[in-house]
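What's counted below: heavy atoms across the whole structure, side chains too, no hydrogens, waters or symmetry copies.
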Amino acid sequence: REPDRRGRQGRRCSLYRPPALRIISLVQPAAVDSLCRCGHRHPMTLIHGTCVALNGVTVLLRGPSGSGKSDLALRLIDGGGRLVADDQTLVEIQGGRLIATAPETIAGKMEVRGVGVLAVEMEKSGILGLVVDLVANPPERMPESETTEILGPALPLLRPDPFKASAAAKLRLAVRSLGGEKRKKA
């Protein structure tokens, strides 16, 4: 008989199922399982991307090296956002939500091109609410709504030009339209 795995407040982990019924589908090849404090496995993956928390919504900026992830993150932080992770982001499912954190080795650090690696105030984790794929080609004037899946859940996807002066303002507006002020931090 498997022990009853309850958390500190006596609540069961949201992913708890008896062993015969536990099904975890991993949609990304780099995904692994992690143990939560109540002893259950949660799907997790490492993503090449930078995360910034804006008004309770964590935004994942994805793109290859030199695509402007850290530059755009720096502008978002300068406008009131808080760094969650720079360049590498751990994402896992907890309670049906995608939680982003920084790997321990780079937590609280940000690489600023031409300046170096700097210590930055950060959020320990954040609930992912928006994914941004950075592109060099200008997006359509009125693009269709897009989503992307990470470990199963679908998230809104935007594709702005990160080097446009208005890129950070556009992302702040997008977060507000998602109702970011009402969401709680992880």
E123/C51 under side-chain contact (heavy atoms from CB on, under 4.5 Å): CA gap, chis, key distance, verdict:
CA-CA 10 Å; E123 293 289 327; C51 277; over 6 Å; no
Going from [atom1] on [X] to [atom2] on [Y], what distance comes out if it is rounded to the nearest 0.5 angstrom?
X    : Y    : atom1 : atom2 : value
R113 : E111 : CZ    : CD    : 6.5 Å
I127 : I99  : CD1   : CD1   : 5.0 Å
L76  : D71  : CG    : CG    : 10.0 Å
L60  : I150 : CG    : CD1   : 5.5 Å
D133 : T148 : CG    : OG1   : 6.5 Å

Hydrophobic cluster membership, with links at side-chain heavy-atom distances under 4.5 Å among I/L/V/M/F/W/Y: are [X] and [Y] in one?
X    : Y    : answer
V84  : L178 : no
L173 : I77  : no
V135 : L155 : no
L134 : V112 : yes
V117 : L74  : no

Grab the two heavy atoms, one from [X] and one from [Y], that are nearest each other, plus how far apart they are.
X    : Y    : value
A165 : R75  : O-NH1, 4.0 Å
K109 : D86  : O-CB, 3.6 Å
L72  : A168 : CD1-N, 3.7 Å
A73  : M110 : CB-CE, 3.6 Å
E92  : L151 : CA-CD1, 4.1 Å
A100 : T58  : CB-CG2, 4.3 Å

Qualifying residues under salt bridge (charged side-chain N to carboxylate O under 4.0 Å, His left out), relative to E121, sequence neighbours excluded:
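Residues passing salt bridge (charged side-chain N to carboxylate O under 4.0 Å, His left out) with E121: R82.
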Should [X] and [Y] count as side-chain neighbours, where that means a heavy-atom distance under 4.5 Å?
X    : Y    : result
I106 : Q88  : yes
S67  : R62  : no
R159 : V132 : no
I93  : P153 : yes

Just by distance, with hydrogens left out, do D87 and T50 show a side-chain donor and acceptor under 3.5 Å apart?
no
Given L157, which of T147, L130, V131 fulfils the side-chain contact (heavy atoms from CB on, under 4.5 Å) condition?
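One option only clears the test, and that one is V131.
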Tell me whether K69 contacts the main-chain N or O of L61 through its side chain, where contact means a donor paired with an acceptor under 3.5 Å.
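Not a single qualifying donor-acceptor pair exists.
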